[in-house]
A.B. asks: 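I am attaching a structure below and will ask some questions about it afterwards.
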Amino acid sequence: PDMAVKTVKDSAGQERPIKLGEDYLGQPTHRNRDVWVIRVETDGNVQDAAANADAVLDLLQLRLRKLRASAGEDVLMADCMFELARRLHGRARYGEAEELYRE
């Protein structure tokens, strides 16, 4: 949703726009917290952005298969393997990640 039109109630019960540094409930957020706001418009309507969380893994696995099949450059293959292993490890898929780290 578009945050510019969102409002929250203050302590006096009055509606007010959400300020910078506040979450969608009007509570302060940690100042070191990164917040990315993505505005997706389709036919003039604002929609929530959605992404397939496994899309990057799928892409890296496909790239690695193609590099292996074409006997691609060792540096490119090593970079791809490391990035894939790092992302698998971050998803607690330790066995798969360890195999790639060992290669």
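For the numbers below, each heavy atom of this structure counts, side chains included, while hydrogens, waters and symmetry mates do not.
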A.B. asks: Mind running side-chain contact (heavy atoms from CB on, under 4.5 Å) on Leu57 and Leu84 for me, showing each step along the way?
C.D. replies: CA-CA 7 Å; Leu57 289 178; Leu84 179 57; 3.8 Å; yes
A.B. asks: Determine, using the 4.5 Å side-chain heavy-atom cutoff (strictly less than), whether Met81 and Tyr94 are members of one ILVMFWY cluster.
C.D. replies: no
A.B. asks: May I ask you to say whether Arg16 pairs ionically with Glu22, meaning some side-chain N is under 4.0 Å from a carboxylate O?
C.D. replies: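 Yes, Arg16 and Glu22 are salt-bridged.
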A.B. asks: For the hydrophobic clusters of this structure (ILVMFWY residues joined by side-chain heavy atoms under 4.5 Å, transitively), does one cluster hold both Leu67 and Leu59?
C.D. replies: no
A.B. asks: To the nearest 0.5 Å, how far apart are CD in Gln61 and CG in Leu100?
C.D. replies: 8.5 Å
A.B. asks: Flag the pair Lys6 and Glu15 as a salt bridge only when some basic side-chain nitrogen lies within less than 4.0 angstrom of an acidic carboxylate oxygen.
C.D. replies: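 Salt bridge absent between Lys6 and Glu15.
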A.B. asks: What pairs with Glu83 under side chain to side chain contact (heavy atoms under 4.5 Å, CB included), at least two apart in sequence or on another chain?
C.D. replies: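 Partners of Glu83 by the side chain to side chain contact (heavy atoms under 4.5 Å, CB included) criterion, ordered by chain and then number, come out as Leu60, Arg86, Arg87.
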A.B. asks: Check side chain to side chain contact (heavy atoms under 4.5 Å, CB included) between Ala12 and all other residues, then give those that pass, not counting sequence neighbours.
C.D. replies: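 Partners of Ala12 by the side chain to side chain contact (heavy atoms under 4.5 Å, CB included) criterion, ordered by chain and then number, come out as Asp10, Gln14.
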A.B. asks: State, to 0.1 Å, how close Arg63 and Leu76 come at their nearest heavy-atom pair, and which atoms those are.
C.D. replies: NH2-CD2, 3.9 Å
A.B. asks: Report the C-alpha separation of Glu103 and Arg68 in whole Å, then their side-chain angles, then the decisive distance to 0.1 Å, and conclude whether the salt bridge (Lys or Arg N to Asp or Glu O under 4.0 Å) test is met.
C.D. replies: CA-CA 12 Å; Glu103 280 186 55; Arg68 284 179 171 161; 2.6 Å; yes
A.B. asks: Please list, chain by chain and in numerical order, all residues satisfying side chain to side chain contact (heavy atoms under 4.5 Å, CB included) with Glu98, sequence neighbours excluded.
C.D. replies: Arg102
A.B. asks: Holding to side chain to side chain donor-acceptor pair (under 3.5 Å), I want the full list of residues that pass it with Gln27, two or more places apart in sequence or in another chain.
C.D. replies: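 Here no residue qualifies.
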A.B. asks: Kindly give the heavy-atom pair with the smallest separation between Asp23 and Ile18, and that separation in Å.
C.D. replies: O-CG2, 3.6 Å
A.B. asks: With a cutoff of under 4.5 Å between side-chain heavy atoms, which Ile, Leu, Val, Met, Phe, Trp and Tyr residues group with Tyr101?
C.D. replies: Phe82
A.B. asks: If you look at every heavy atom in Ala85 and Ala97, which pair is closest and at what distance?
C.D. replies: O-CB, 3.4 Å
A.B. asks: Residues two or more places apart in sequence or in another chain: which of them pass side chain to side chain contact (heavy atoms under 4.5 Å, CB included) with Leu62?
C.D. replies: Arg65, Lys66
